[in-house]
Amino acid sequence: MEIRLVKGSDPEYRKNNIGKKLYNEFYNVVKENGRNIVRCVTSPVNKVSIAYHIKMGFEIEKGNKEVDGVSVFADYDGPNQDRVLFAKKLD
């Protein structure tokens with residue numbers, strides 16, 4: 001069973017920790033469903049997202065290519081659509 005959260009917040013509201021609140025609620029749902037790993041995906045050009053996920057405790061998964069020093073999975077979302085994959089183990 002896969003549980004998905006599509007997250008994005010308006011830059012004007014980011015200072016209100018909306019993303020962190022969404023993730024914390026999502027973590028609760030994940031745990032309630034007997035899961036303990038959360039994975040997420042972003043584009044390698046989205047440096048804000050990469051930094052955010054690292055700050056939230058996610059680790060970048062080792063891909064098959066590097067873009068700007070970041071490990072990515074080449075063509076993950078189709079030709080020339082490389083993506084950074086993250087994983088976080090919940091306590």
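Throughout, numbering of the chain's residues begins at 1 and tracks the sequence.
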**OP:** Measure the shortest side-chain to side-chain distance between Lys20 and Asn24 over non-hydrogen atoms and say whether it is less than 4.5 angstrom.
**Re:** yes
Original post:
Can you find a pair of side-chain heavy atoms, one from Cys40 and one from Phe26, that are under 4.5 Å apart?
Top reply: no
Original post:
With Ile60, which residues qualify under side-chain contact (heavy atoms from CB on, under 4.5 Å), at least two apart?
Top reply: Ile50, Ile54, Val70, Ser71, Val84, Phe86
Original post:
Considering residues at least two apart in sequence or located in another chain, which fulfil the side-chain hydrogen bond (donor to acceptor under 3.5 Å, both in side chains) criterion with Asp77?
Top reply: Arg83
**OP:** Tell me, please, which residues at least two apart from Ser49 pass side-chain hydrogen bond (donor to acceptor under 3.5 Å, both in side chains).
**Re:** Thr42, His53
Subject >> Glu61: partners by side-chain contact (heavy atoms from CB on, under 4.5 Å), with sequence neighbours left out >> reply: Arg39, Phe73, Leu85, Ala87
**OP:** Determine whether Leu90 and Met56 fall in the same hydrophobic cluster, where Ile, Leu, Val, Met, Phe, Trp and Tyr are linked whenever their side-chain heavy atoms lie under 4.5 Å apart.
**Re:** yes
Original post:
Does Lys65 have any side-chain contact (heavy atoms from CB on, under 4.5 Å) partners at least two apart in sequence or in another chain, and if so, which?
Top reply: Val67, Val72, Ala74, Asp82
Original post:
What is the distance from atom CG of Leu22 to atom CG of Asn17, rounded to the nearest 0.5 Å?
Top reply: 11.0 Å
**OP:** For Asn36, enumerate each residue passing the side-chain contact (heavy atoms from CB on, under 4.5 Å) test, keeping only those at least two apart in sequence or located in another chain.
**Re:** Lys89
Original post:
OH of Tyr23 to OH of Tyr52: how many Å apart, nearest 0.5 Å?
Top reply: 7.0 Å
